[in-house]
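Read the structure below first, then the notes.
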Amino acid sequence: MRTAALGPAQRAESLAGMAERELDVLVVGGGVVGAGTALDAVTRGLSTGLVEARDWASGTSSRSSKLIHGGLRYLEMLDFALVREALKERGLLLERLAPHLVKPVPFLYPLQRKGWERWYAGSGVALYDGMSMARGHGRGLPVHRHLTRGHALRVAPCLKKDALVGALQYYDAQMDDARYVATLVRTAASYGAKVANRARVTGFLREGERVVGARVRDVEGGGEYEIRARQVVNATGVWTDDTQAMVGERGQFHVRASKGIHLVVPKDRIHSTTGLILRTEKSVLFVIPWGRHWIVGTTDTDWDLDKTHPAASSADIDYLLEHVNSVLAVPLSRDDVQGVYAGLRPLLAGESDATSKLSREHIVAHPVPGLVVVAGGKYTTYRVMAKDAVDAAVHGLDQRVAECVTEDVPLLGAEGYRALWNARARIAASTGLHVVRVEHLLNRYGSAAEEVLDLIASDPSMGEPLHAADDYLRAEVVYAASHEGARHLDDVLTRRTRISIETFDRGTRSAREAAELMAPVLGWDKEQIEREARHYEKRVEAERESQRQPDDLTADAARLGAPDIVPL
C-alpha cells in the first residue's frame, strides 16, 4: 500500500477530482465514523469521497476519554450484545488493525463494601474477560485480578486508606483519538479515496426526491463545487439533525448532544501505577494514564448551545475535582489542572416509544433515496457502524459489490510496526535520537515514523524538540502540515499533537515556533504566521475565560468570544 500524503496540493487535487466525475459514495463528516465509512467503501472497490467542514476529528472524535473499551458498565444494564461487539473490536484494534496506536491500560476499581460487592463486581469483570476471550480477541490483555486493600494501596498509593476495603484490577485499551482519525483518513486516501477537510457541505443536490450529491464550499480557497454521487452518507455525529435539515425531510430519529468534560493533570499529582475507575451517583469517573499526565473524566450533561465549541464551566471542573478528591489522599486543586477539554456525545433520541430511550447503540437509516444516515454509537465500534452504513449504501447502488474487508485492513503504520519496535535501539543509534524519542515516534506513527525520520535526516534541526513543549519534535509539526492534512496552527497544537492540553500555557508559548515551521509547507507569509499565532492565543484566552464562568450559558458566551477560523 502506498502512503498517502495529505498536503495542500493533494487536498486541491481531491476537491477537483470529486467534482470532475460522479462518485459511488460521498461521505459527509470527518470524525471516526465518517473516516471509517470512507475506508470501508474504498476497500470494497467503490469510488469514494470524504469531506469535512472543519478539521479531521475536530468534533466529538478528538474530545473523548481516549478509551477503546468493551463497555464494562453495559453488562450491568444486561446489554450483552453491545459489550460482545465492542470487545471484539477492541481485540481487533489491539492485535491486528492498529497495534501502534491502541495500547493496553490497567484500571483499579476500589471496593467500598466487604463481602457482596467483591462477589458482584468480580462476577461482572470475570464475565467481561470471559466474553473477550471467547471471541478469540482477548489474548492481548492480562485477565483481571482481585487485590486486598494493602495490595491495592501499593499499586495506587494515592488512594485514601478509608476509601476502599479491597479492589479489582482489569484491563482495557486507549488511543489518541484525533491521531487515530487522521490515520484512518490517510489509510482511506492510500487506497484511493479522495479526501478534503475545510470543505463544508452547504446543501444537497436533488433530482426529484433523490439525493444525487452535495454542494461543497472550499472554506480555505472560497471555491464552490458540485460533487455528484450515487449514494451520500451523512456521518456528522451531533450535527446529524442540522445536516438532515438541508434535505428538507423530517428525520426518523434525532441526535441529542450530551456534554462530557475532562481534566488533564501532571503525572506527579496522582501517585499510582494504574488507572482508576470510580462510581459516582450518575455514572462512572475515570482517572486514565496519559503519558506524563492523567486524564480525569467525565461528566454527562445535556447541551443545546454551540456544538462547534462546547464549553467547560467552572461548575463542571468543580464536579470532577470534588468526586476524584473524595478518594485521593492528596487532593487536586485548580492549580494542578494543566488542560481542560469538552466534547459532545451523539446520543439517539427517537420520536416513537420504541426509540425514545437515549442509547449508545447506533442506527442506520435511508430517509430518502440516495442518502444514508448513520448516527449514535461509540468510538470503539466505529468500524461496525461504518460497515452498516456502507451496506445500506450498497443496497441503494443496485449492483454487486464486495463484502466489507476492514476487519483485515491494518491502518497506515501498522504493517512493520512490531519489527521496527524491536529495532528501536538500532534506529536510535543510526539517527542520533534517544531511544525514548524513537519509541515516541513509533507509538504515534507506527512504521510511517520512517517518513518523520527522513525529515530529520535531511535537516537535523528537525530532530530538536519544540522549546516550550519538549515531548514533541519540530519534525512532527512539519509532518502534520505536509502529510496529515493540518491547515492551521490549531490543527497541530490541538489535534495532531496534544500540546493544547499537556502544557500549563496550553500551547501559547509554542504557537509562533510551530507556525513558523508550518509556513513553508502551507505557503504562509509573515502576516499569516502572526495571524495564526494571535488566533490561537485568543482561542486559549476564550477557553480559560469560559472555564471561570459559573454555568453553561455564560461559559458558552465566553468561549464564542474567539473566532472559529483564521481570517485570510
With a 4.0 Å cut-off, would you call [X] and [Y] a salt bridge?
X: Glu207; Y: Arg228; result: yes
X: Asp318; Y: Arg334; result: yes
X: Arg200; Y: Glu52; result: no
X: Asp491; Y: Arg496; result: no
X: Arg383; Y: Glu407; result: yes
X: Arg44; Y: Asp391; result: yes
X: Arg495; Y: Asp55; result: yes

With no hydrogens and no angle check, just 3.5 Å: does a side-chain donor-acceptor pair link [X] and [Y]?
X: Trp290; Y: Gln174; answer: no
X: Glu220; Y: His488; answer: yes
X: Glu543; Y: Gln547; answer: no
X: Asp177; Y: Ser61; answer: no
X: Glu476; Y: Tyr445; answer: yes
X: Glu89; Y: His69; answer: no
X: Arg506; Y: Thr494; answer: no
X: Thr243; Y: Thr236; answer: yes
X: Asn234; Y: Gln244; answer: yes
X: His262; Y: Ser65; answer: yes
X: Asp388; Y: His362; answer: yes

Atom [atom1] of [X] and atom [atom2] of [Y]: how far apart are they, to the nearest 0.5 Å?
X: Leu493; Y: Ser500; atom1: CG; atom2: OG; answer: 7.0 Å
X: Asp304; Y: Asp556; atom1: CG; atom2: CG; answer: 9.0 Å
X: Met385; Y: Thr37; atom1: CE; atom2: OG1; answer: 8.0 Å
X: Leu560; Y: Thr308; atom1: CG; atom2: OG1; answer: 8.5 Å
X: Glu85; Y: Lys88; atom1: CD; atom2: NZ; answer: 8.5 Å

Judged by atom type as modelled, is there a donor-acceptor pair below 3.5 Å linking the side chain of [X] to the main-chain atoms of [Y]?
X: Asn197; Y: Gly485; value: yes
X: Glu532; Y: Ala515; value: no
X: Arg11; Y: Arg198; value: yes
X: Thr503; Y: Ala469; value: no
X: Arg90; Y: Ile68; value: no
X: Arg54; Y: Gly30; value: no

Evaluate the ring planes of Tyr319 and His323, with Trp represented by its six-membered ring, and classify them as parallel (under 30°), tilted (30 to 60°) or perpendicular (over 60°).
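Plane angle between 30° and 60°, so tilted.
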Only counting residues at least two apart or in another chain, list the ones meeting side chain to side chain contact (heavy atoms under 4.5 Å, CB included) with Ala229.
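Scan of Ala229 (side chain to side chain contact (heavy atoms under 4.5 Å, CB included), adjacent residues dropped) gives Leu23, Leu26, Val232.
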Under the side chain to side chain contact (heavy atoms under 4.5 Å, CB included) rule, collect the residues that match up with Glu322, sequence neighbours excluded.
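Applying side chain to side chain contact (heavy atoms under 4.5 Å, CB included) to Glu322 gives none.
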Apply salt bridge (Lys or Arg N to Asp or Glu O under 4.0 Å) to the pair Arg559 and Asp306, showing each step before the final yes or no.
CA-CA 9 Å; Arg559 177 60 187 87; Asp306 177 62; over 6 Å; no
Is the terminal nitrogen or CZ of Lys259 (NZ for Lys, CZ for Arg) located under 6.0 angstrom from the six-membered ring centre of Tyr341 and within 45° of that ring's axis?
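Negative - Lys259 is either too far from the ring of Tyr341 or too far off its axis.
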Carefully, step by step, assess Lys387 and Asp40 under the rule salt bridge (Lys or Arg N to Asp or Glu O under 4.0 Å).
CA-CA 6 Å; Lys387 174 187 178 298; Asp40 188 295; over 6 Å; no
Quick one: which of Val238, Thr299, Leu344, Leu347 gives a side-chain contact (heavy atoms from CB on, under 4.5 Å) with Ser258?
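Answer to the side-chain contact (heavy atoms from CB on, under 4.5 Å) test with Ser258 among Val238, Thr299, Leu344, Leu347: Leu347.
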